[in-house]
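Contents: one structure, followed by commentary.
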Amino acid sequence: MIYLDHAATTPVRKEALEAMLPYFSELDANASASYSSARRARSAVEHARMQVSKAIGANKPEIYFVSGGTEADNWALFGPAAANGRRKRIVTTTIEHHAVLHTCKKLEREGYEVIYLRPDSNGQIQISDARASINDNTLLVSVMLANNETGVIQPVAEIAELSHKAGALMHTDAVQAVGHIPIDVNKLGVDLLSLSAHKFYGPKGIGALYAKSGVRMGTLMYGGEQERGMRPGTENVPAIVGMGKAIELAIQEIEDDMKRLASLRDLLEAQLMDIDGIRINGKDAKRLPGHIHLTVSGQESSMLLARLDMQGIAASAGSACASGSIKRSHVLESMFPDEKQAADIRLSLGCSNHAEQMRITAAALKEILNS
Ligand code: PLP
């Protein structure tokens, strides 16, 4: 199989799996207990917290372990809302993941005014639009760092500056970006940042929320005193350990990995350019190195994906959560509101891919589209 769906999920890397294994067996203690195996579990959790904080330039107490990107996003929006006094506006974008968009819909039902910024046809949010929407009634601005469908990188640092001038908090959903491009929360100037381990070769069902020290947050859940009383529930020690190892290695390898993926991406894109009616979305914007997002006019995504699958190539139409539905993704709809009958395909590259696979994929697409 040629796996081209790394943006949906990545396989757990060997080193992360090996680091996790003892915490399923001889060290499988509750990290809150007081005997020695429990203390080792606790210290493994704290070591992973250090690994995650270092990877994004944060301080260790600013990292809270959660169940993944969805929970981090929910908390990043509901948390400040719960601690909020008078500010009633939230500014976000039409191209966020549903973990942000559906949370915003709920906040609208609770009386918040939510402004949704639209991207240009390159999939990029304009700073001028953000400037026009952020005011002194704005509680929070939430703009993703890299889009999960197009891979387009958004001007988060510039929008964070505008947010802070208006006294608003800045959140970024960095689920697709962490481990793939260098990130420093201080350079970005964000107050809140979401990440998820299964996007950088760690296990599924574990992630983290970075919350800058001093940010006032309510909790999503009620229970025990874990995560300094902010996120109750017995810690998933093996998953936390796996995430720590995966993020540490991803950061060590990031420069080489970015170069390798960008060159594979360029190789594949160059071979696709001569297909009639094909467009590479976000091509003129800054993008994640491993993302290719194609639109082919007059075609259907489900047919294209099924035929690629028959040739052993795993790709997707956009976000994993939206595939299976025949409706066009909200991201492409926002970028091209007038476009009809077109197939969208995301090819997201990763550790297992090599040049020969790019040639096979381009040939397969050409054959499918020409037959
Ligand atoms: N945000 C973005 C941009 C994503 O791509 C995803 C997952 O695809 C999520 C949030 C949700 O993350 P998780 O699957 O860890 O809940």
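Computed over heavy atoms, backbone and side chain alike; hydrogens, waters and symmetry mates excluded. Counting starts at 1 for both ligands and their atoms, following the listed order. Residue indices begin at 1 and follow the sequence shown.
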Does ligand 1 have any atom sitting under 4.0 Å from a heavy atom of Lys199?
yes
Contact region, Met144 to ligand 1, non-hydrogen atoms below 4.0 Å, reads side chain
A student checking ligand 1 against Ser196 at a 4.0 Å heavy-atom cut-off should list atoms 13 (P), 15 (O)
For Phe336, is the NZ or CZ atom of Arg279 found under 6.0 angstrom from the centre of its six-membered ring and inside 45 degrees of the ring axis? yes
Any heavy atom of Val100 under 4.0 Å from ligand 1? The part involved is neither
For Gly68, the atoms of ligand 1 under 4.0 Å from one of its heavy atoms are 15 (O)
Basic-acidic side-chain contact under 4.0 Å: Glu18, Lys245:
no
Under a heavy-atom criterion of less than 4.0 Å, does His198 contact ligand 1?
yes
Using 30° and 60° as the class limits, which term best fits the ring planes of Trp75 and Tyr64: parallel, tilted or perpendicular? perpendicular
Checking heavy atoms under 4.0 Å, the part of Lys204 that sits near ligand 1 is neither
Note: Asn148, heavy atoms under 4.0 Å from ligand 1, region reported as side chain
From the list Glu300, Glu339, Glu149, Glu333, salt bridge (charged side-chain N to carboxylate O under 4.0 Å, His left out) partner of Arg328 resolves to Glu339
Query raised in the report: So, for His330 and His98, is the gap between ring centers shorter than 6.0 Å?
Result: yes
Looking only at non-hydrogen atoms, the one of Ile206, Leu195, Asp173 nearest atom 10 (C) of ligand 1 is Asp173
Per side chain to side chain contact (heavy atoms under 4.5 Å, CB included), Leu209 is matched among Arg231, Glu71, Glu62, Met217 by Met217
Ligand 1 atoms nearer than 4.0 angstrom to some heavy atom of Asp73 are 1 (N), 10 (C)
Only one of Asp5, Leu4, Asn353, Ile2 passes side chain to side chain contact (heavy atoms under 4.5 Å, CB included) with Leu347, and that residue is Leu4
